[in-house]
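Report on one structure; see the data block that follows.
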Amino acid sequence: MPPNPVIALVGASGWLGRYIGPALLANGLTDAEHFHALNRSGPSNAYTAWPVAWHHDLAEAPSPDVVILSLRPDDFRAGNFHCPDALVISVMAGVLAAEIAEKTGASRIIRALPNALAEVGQSYTPWTAAAAAGEADKSLARAIFSGIGTEAEVPGEAQIDVMTALSGAGPAYAALLATALIKAAESQGLSPSLARGAAENLVCNAALLLKGRIAEAPDIVQSFIDYDGVIAEGLRTTRAAGHDESIAKGLEAALVKVRQMNLG
Ligand SMILES: NC(=O)C1=CN([C@@H]2O[C@H](COP(=O)(O)OP(=O)(O)OC[C@H]3O[C@@H](n4cnc5c(N)ncnc54)[C@H](OP(=O)(O)O)[C@@H]3O)[C@@H](O)[C@H]2O)C=CC1
Ligand SMILES: O=C(O)[C@@H]1CCC=N1
């Protein structure tokens with residue numbers, strides 16, 4: 001990999017792309033001259049700090065060393081992304097490496113699955129590399145995804161599928177919990193601002209307590225159950241109403257959806 005690789009980011013203005021591109025430029029993984037942003041609608045203000053070139057078509061970018069695919073699967077399937085000599089890094093959900101290889105002509109493919117916490121530099125990004133991708137390719141992927149949070153290599157695409165349903169959710173399940181807490185609190189007579197203040201504490205400040213200690217989560221639940229007070233009653237009733245089963249069902253349904261997407 002050259003010192004300033006030519007990197008083309010397809011979907012540079014999207015929900016993920018607008019954080020992936022600026023982070024890799026800010027971290028010096030390439031310079032603005034060697035970075036090519038692609039989308040259909042033109043320049044995004046996420047890149048005002050860098051004089052980057054914008055294109056509609058990958059063929060307009062000078063033979064890229066790296067192509068990052070950060071567009072929706074249907075748009076990928078409908079477009080032309082031929083780049084046989086590039087390292088292709090895809091963040092697309094539900095598009096297998098075999099399909100990416102067939103469409104791009106590339107063999108050095110890395111599939112990664114960031115999440116929307118990239119916005120605050122806190123994505124958890126599992127990734128897996130095809131056999132043809134070398135150590136320099138993997139190092140670059142690690143560096144790109146470290147720029148938007150933490151990364152973790154997983155042993156294969158089946159685990160990327162599970163992660164798509166799980167870590168791919170980013171803030172979604174925490175927001176779901178907060179929404180349910182606020183709704184329940186308001187229905188018991190709290191004002192919206194008091195309900196929101198309590199829910200923010202329960203979701204955001206509890207996350208600070210759990211950070212680096214997530215293995216202790218079951219013990220924390222058990223300690224409230226063992227205390228056998230007010231919260232024990234709430235937790236027992238929440239579980240009896242199907243809390244754990246509903247999370248498991250949601251994960252399973254999302255996984256079924258990913259596997260359908262994999263079929264094209
Ligand atoms: N959002 C998330 O939380 C996560 C998303 N993903 C995956 O990441 C990928 C991107 O998702 P997300 O950022 O949410 O999607 P968005 O819809 O927000 O962004 C898509 C981007 O692709 C561009 N685009 C669409 N078609 C083309 C095209 N033919 N050529 C060039 N650019 C194009 C869009 O710009 P324009 O419309 O101007 O063309 C836009 O910049 C998806 O495949 C998704 O599955 C994975 C994990 C989490
Ligand atoms: O919901 C989605 O399809 C995308 C992919 C994983 C997270 N967000």
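For ligands, and for the atoms within them, numbers begin at 1 and follow the listed sequence.
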[X], any N or O under 3.5 Å of ligand 1 N or O:
X	value
M92	no
G14	yes
N115	no

Tell me which protein heavy atom sits closest to [atom], plus the residue, atom name and distance to 0.1 Å.
atom	result
atom 17 (O) of ligand 1	R72 NE, 3.0 Å
atom 8 (N) of ligand 2	G168 O, 4.0 Å
atom 20 (C) of ligand 1	S70 O, 3.9 Å
atom 23 (C) of ligand 1	G11 CA, 3.6 Å
atom 45 (O) of ligand 1	A93 N, 3.1 Å
atom 18 (O) of ligand 1	W15 N, 2.9 Å
atom 35 (O) of ligand 1	N39 CB, 3.4 Å

Under a 4.0 angstrom heavy-atom cut-off, which atoms of ligand 2 come close to A93?
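It comes down to these atoms of ligand 2: 5 (C).
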Say whether, by atom type as modelled, one donor and one acceptor occur between the side chain of T128 and the main chain of V154 under 3.5 angstrom.
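Checking the backbone N and O of V154 against the side chain of T128, a donor-acceptor pair under 3.5 Å is found.
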Is a donor on one side and an acceptor on the other found under 3.5 Å between the side chain of E157 and the backbone of A97?
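Yes: the side chain of E157 pairs with the backbone of A97.
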Compare [options] and give the one whose heavy atom is closest to [atom].
atom	options	answer
atom 29 (N) of ligand 1	Y19, F76, F81	F81
atom 2 (C) of ligand 1	L16, D75, L9, L38	L16
atom 39 (O) of ligand 1	M163, M261, R77, R40	R40
atom 28 (C) of ligand 1	L69, V91, L71	L71
atom 47 (C) of ligand 1	G170, S41, G94, P114	P114

Can you tell me which portion of V10 lies within the under-4.0 Å heavy-atom range of ligand 1? Options are side chain, backbone, both, or neither.
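Only the side chain of V10 comes within reach of ligand 1.
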Side chain or backbone of L113 under 4.0 Å from ligand 1, or both, or neither, by non-hydrogen atoms?
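Contact part for L113 vs ligand 1: side chain (C-beta onward).
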Would G79 count as a contact residue for ligand 1, given that I'm defining contact as a non-hydrogen atom of the residue lying under 4.0 Å from a ligand atom?
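Per 4.0 Å heavy-atom rule, G79 does not contact ligand 1.
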In this structure, are over 12 heavy atoms from other groups packed under 6.0 Å from R72 atom CZ?
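No - once you tally the heavy atoms of other residues, nucleotides and ligands closer than 6.0 Å, there are 12 at most.
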Got more than 12 heavy atoms from elsewhere within 6.0 Å of CD, Q222?
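Yes, CD of Q222 has more than 12 neighbouring heavy atoms, counting only those of other groups under 6.0 Å.
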Could you tell me, atom by atom, which parts of ligand 1 come under 4.0 Å of a heavy atom of S13?
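Listed by number with element, the hits are 35 (O), 40 (C), 41 (O).
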Within ligand 1, which atoms have a heavy atom of P73 less than 4.0 Å away?
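Within the 4.0 Å cut-off of P73, ligand 1 contributes 43 (O).
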Sort out for me which residue in I182, N201, L190 forms a side-chain contact (heavy atoms from CB on, under 4.5 Å) with R196.
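By the side-chain contact (heavy atoms from CB on, under 4.5 Å) criterion, R196 pairs with just one of I182, N201, L190: I182.
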Determine the minimum heavy-atom distance between [X] and [Y], stating which atoms define it.
X	Y	value
M1	R108	CE-NH2, 3.9 Å
P171	A116	CD-CB, 3.9 Å
G147	A23	O-CB, 3.6 Å
D65	P2	OD2-CG, 3.5 Å
V10	L58	CG2-CD1, 4.5 Å

Any protein heavy-atom neighbour for atom 5 (C) of ligand 2 (distance below 4.0 angstrom)?
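Answer yes: something from the protein, a heavy atom, is under 4.0 Å.
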Pair N262-D161, side-chain donor/acceptor within less than 3.5 Å
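N262 vs D161: donor-acceptor pair found between side chains.
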Rounded to the nearest 0.5 Å, how far apart are CG of N4 and CD of E33?
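Those atoms lie 8.0 Å apart.
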How long is the span from the OG atom in S123 to the CG atom in N115, to the nearest 0.5 Å?
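One finds 4.0 Å between OG of S123 and CG of N115.
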